[in-house]
Amino acid sequence: MNFQWIKEVEALDIRAEVAKIDAPVLTVIGSEDFFTVEDVEKTIRACKNPASRMFMIPGGNHTFRALTKDTRVFYEGANATIKWFKETL
């Protein structure tokens with residue numbers, strides 16, 4: 001299996017990239033994610049579009065617990081994303 005994409009993602013300056021995007025950006029994060037809320041807030045502030053937002057799911061991890069029987073976190077993230085799409089785009 002080729003894991004070159006992991007190196008490419010690690011080398012990516014995400015804040016520089018989102019600053020180039022004209023459309024609003026939604027970032028969904030779990031409170032137990034390895035990315036911190038503060039780090040994601042910095043990324044949202046780097047976005048060009050002021051409608052960009054972060055949505056934090058209490059109890060969520062990086063996979064939104066999709067690999068467990070706890071589907072609440074996954075569906076909370078999915079529903080927040082759908083709501084944001086309807087309200088923003």
To the nearest 0.5 Å, tell me how far [X] [atom1] sits from [Y] [atom2].
X	Y	atom1	atom2	result
Tyr75	Ile82	OH	CD1	10.0 Å
Lys83	Phe55	NZ	CZ	8.0 Å
Arg72	Asn79	CZ	CG	12.0 Å
Glu87	Leu26	CD	CG	10.5 Å
Asp39	Arg15	CG	CZ	4.5 Å

Shortest non-hydrogen contact from [X] toward [Y]:
X	Y	result
Thr88	Ala51	CG2-CB, 4.0 Å
Val28	Ile57	CG1-CD1, 3.7 Å
Ser52	Ile44	O-CG2, 3.7 Å
Pro58	Val73	O-CG2, 4.4 Å

Check your understanding: Applying the 4.5 Å side-chain criterion to the ILVMFWY set and letting contacts propagate, would Val9 and Leu12 be lumped into a single cluster?
Key -> no

Practice item. Tell me whether Phe34 is reachable from Met56 by hopping between hydrophobic residues (I, L, V, M, F, W, Y) whose side-chain heavy atoms are closer than 4.5 Å. Key: yes

**Study point:** Residue pairs involving residues 40-62 (criterion salt bridge (charged side-chain N to carboxylate O under 4.0 Å, His left out); sequence neighbours excluded)
**Key:** Asp22-Lys48

Close side-chain approach of [X] to [Y], heavy-atom, < 4.5 Å:
X	Y	result
Leu89	Pro24	yes
Arg65	Phe74	no
Ile14	Val18	yes

Review point. Between Glu17 and Lys20, does a salt bridge (Lys or Arg N to Asp or Glu O under 4.0 Å) hold up when you go through it step by step?
Key: CA-CA 5 Å; Glu17 295 302 317; Lys20 300 174 189 175; 3.3 Å; yes

Exercise for review: Using modelled atom types only, decide if a donor and an acceptor are shared between the side chain of Ser31 and the backbone of Gly59 within a distance under 3.5 Å.
Suggested key: yes

Exercise for review: Would you confirm whether Asp33, through its side chain, and Ile29, through its main-chain N or O, come within 3.5 Å as a donor-acceptor pair?
Suggested key: no

Point to revise | Test item: side-chain donor near acceptor, Asp70 and Thr68, under 3.5 Å | key: no

